[in-house]
Amino acid sequence: MPDTHFYRYDDYDRALVSERVSQFRDQVRRRLAGELTEEQFKPLRLTNGLYLQLHAYMLRIAIPYGTLSSRQLRQLAAIARKYDKGYGHFTTRQNLQLNWIRLEDAPDAVAMLAEVDMHSIQTSGNVVRNTTADHFAGAAIDEIEDPRVWCEIIRQWSTLHPEFSFLPRKFKIAVTGSPNDRAAVRVHDIGLRLWTNAERETGFEVIVGGGLGRTPMIGKTVREFLPKDELLAYLEAVLRVYNRYGRRDNLFKARIKILVHEIGVEKMREEVEAEYAATKDSGLKLAPETIEAIARQFAPPLLPHRPAIVPEVERLRLENRAFALWLKSNTAAHRLAGYRIVTASLKPAGAPPGDASSAQMEGMADIADAWSQGEIRVSHEQNLVLPHVAIESLPDVYRALETLGFAEANVGKITDIIACPGLDYCALAHARSIPVAQRISNPFAELARQQDIGDLKIKLSGCINACGHHHVGHIGILGVDKNGVELYQLSLGGDVDFGRTALGTILGPAVESDKVVEAVDALVATYLDARQTGERFVDTYRRIGAQPFKERVYGNPQ
Amino acid sequence: MEIPSELPGEHPVDQGPMLVLDNTEDVTQLGERLEGVKLIVLNFPKFTDGRAYSQARLLRERLGYTGELRAAGQVYIDQIPFMLRCGFDSFSSAQRGFAEALAKARTLFSVVYQPTGDGRATVNQLRLQHCRSVAA
């Protein structure tokens, strides 16, 4: 593998992935030969990423800590072309989903993943899933430490963990290395926040029992400060308590958040600390060489000094309004003054959010090679990120993204909608989400208008499983089914930005599909009328409350 | 392979008493009941119910149990590697091909990431050995 600035597999990692592919190939063979029932086969295929949707199997490919090399992204494009319909969908957990895989092709598809040190292990099933991180990790200006080092350590520990492969339910871990939590750690089963204490030691705050879905909850702090080398021993304690005591009688009450809710955080802490104390010498303490060997691989690329002020860029900014808006909304501060972090918007107005064709993926790989150290990130808002772009290269990158259709200046804006696949793909859905997202984004497509409206996160889920994260949208939209009619429930005030986690409040009765756009329009109008200088949509909502919004959407109260 | 009809409780066996445990039992509280026991049977009421994996590890690693540890209930081929790593050394399964699969299961994966009581060197331990021997 050419040099990357993140973890590189060694022979051990490759052996494991390769042996897993062989195991899966044999399992598929036995299933097709009738030696395994679907019931016996289901967890085997789920833990290899194969999830049954409405029309076909979906393959969920792990993109650990949302980081890809250009070579890996090209291989994903090739897999999508060879075994699918030539496109993929980037998810809210930094994975890639291919929606049209055939069972008989799945082993070959995962073998192609293994060629570039990728896999689909444990991306579904009642196991520890892909550990997600901040998509600006290693580049952000506000980072204490790169969280991806820890995601990789967790990835290895959790892969084929023999004790935790049949948990009560799925288990999701997220890590942030910045006080501005871009990984939404408080709505994960375990959230880990790196911070530095008064003694100038860096350790983890361990937050347990957050989650969205049917019963959204914000995680509780079980341990304020955990020394870094004790991370795995502590995680093992939490997982063991969950494996032993998590509910198994009711699928909808089986997440760890329910356990924490039912026994209380004090009892949870007691159980975890007791378990942890008993396993202190279990061999899970991380040797400094182990941590160092992994941390070294995430060392940031040696970026040559580049000027922060570039005449060509300034000129283009003045001449080209779209470029100016794009600079403002789609680029973010890099830790080095001469660079920016660029977000490629996969939300062109009217298109299914988060999708990329094989050609677009290859295009992104080319851009990354030319201008971003060969590296791409996947955000949990279904966009792609180029982490290290020199300011003087921004015009070239902008033009290249424009050619791909990924240069819409709408990141964080109203048309940067996060939507689950919904009824068009998913057997669990009650309502369509993609067409609704497309219909919302169309009337707001005009760039100047979007910029004027400012930061506004709309998150849309097609059912109460909340894969679109609607609970933490500034405007959350939930598709429900009432007597066969698709209705959409609106909520306001959710948030996972700037270190703040809040769950939205339902605004009023669900509205019909053809009234959603009107409702969103009314919400935006209410904001524009009431806002004070510098207030985002969600700030105005917090100041004036739901009533004005309610009246605008539903009419005056009786 | 015969399926013994195990009822929870204690039964005398040739070499000593045995324990048959529900997967809801807290094995760390067994205390005296463990004394002299040569066979413990743990249960997988459904193969997707993974509580017995924790029971097995606690028995082996926390309580130092060295007798026979048997998996019963819905015991299938594809879970053998996990069961072996957690400390099971005998299996009660009606699935066709189980015995053959058991023979192959130990070598299905040449690398393991996590330490368990099975004593296999983990990837991190191997990497450390190499790293320290190079430095020496």
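Throughout, a chain's letter reflects where its sequence line sits, starting with A, and its residues are numbered from 1.
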Can you find a side-chain donor-acceptor pair between A:Glu19 and B:Ser110 that sits under 3.5 Å? yes

pair A:Lys170-A:Val127: side-chain heavy atoms closer than 4.5 Å: no

Checking heavy atoms, do the side chain of A:Ala287, its backbone, both or neither come under 4.5 Å from chain B? side chain

Heavy-atom distances under 4.5 Å only: say whether A:Asn126 touches chain B with side chain, backbone, both or neither. neither

Go through the atoms of A:Arg20 and report whether side chain, backbone, both or neither lie under 4.5 Å from a heavy atom of chain B. both

Structural part of B:Leu58 lying under 4.5 Å from a heavy atom of chain A: side chain

Taking B:Ser90's backbone N and O only, do any of them form a donor-acceptor pair with B:Arg70's side chain (distance below 3.5 Å, no angle check)? no

When B:Asp49, B:Asp78, B:Leu128 are compared by non-hydrogen pairs under 4.5 Å with chain A, the top option: B:Asp78

So, for A:Phe298 and A:Tyr65, is the gap between ring centers shorter than 6.0 Å? yes

Under a 3.5 Å cutoff, is there a donor and acceptor pairing between the side chains of A:Tyr234 and A:Glu273? yes

Chain B: which of A:Asp10, A:Leu284, A:Thr279 shares the most heavy-atom pairs with it under 4.5 Å? A:Asp10

Would you mind checking which part of A:Glu275 comes under 4.5 Å of any heavy atom in chain B, side chain (CB onward), backbone (N, CA, C, O), both or neither? both

B:Tyr76 versus chain A, heavy atoms under 4.5 Å apart: side chain, backbone, both or neither? side chain

According to salt bridge (charged side-chain N to carboxylate O under 4.0 Å, His left out), does anything in residues 87-115 of chain B pair up with another residue at least two apart or in another chain? List the pairs. B:Arg60-B:Asp89

Honestly, the part of B:Thr116 sitting under 4.5 Å from a heavy atom of chain A is side chain

Say whether A:Arg60 and A:Asn48, considering side chains only, have a donor N or O and an acceptor N or O under 3.5 Å apart. no

Between A:Ser158 and chain B, with a heavy-atom cut-off of 4.5 Å, which part of the residue counts as in contact: side chain, backbone, both or neither? backbone

Look at A:Glu35, A:Gln156, A:Glu236, A:His161 and state which one has the largest set of heavy-atom pairs under 4.5 Å with chain B. A:Gln156

Considering only heavy atoms, which portion of A:Leu36 lies under 4.5 Å from any heavy atom of chain B: side chain, backbone, both, or neither? side chain

Is B:Asn23 in contact with chain A via its backbone, its side chain, both, or neither, using a 4.5 Å heavy-atom distance? neither

Measure B:Gln95 against the heavy atoms of chain A and call it side chain, backbone, both or neither at under 4.5 Å. side chain

Are B:Phe44 and B:Tyr53, when compared by the centres of their aromatic rings, separated by less than 6.0 Å? yes

Taking A:Leu44 as the fixed residue, which of A:Gln27, A:Gln23, A:Arg31 is the one that meets the side chain to side chain contact (heavy atoms under 4.5 Å, CB included) rule? A:Gln27

Which bit of A:Ser165 is near chain B, if near means a heavy-atom gap under 4.5 Å: side chain, backbone, both or neither? side chain

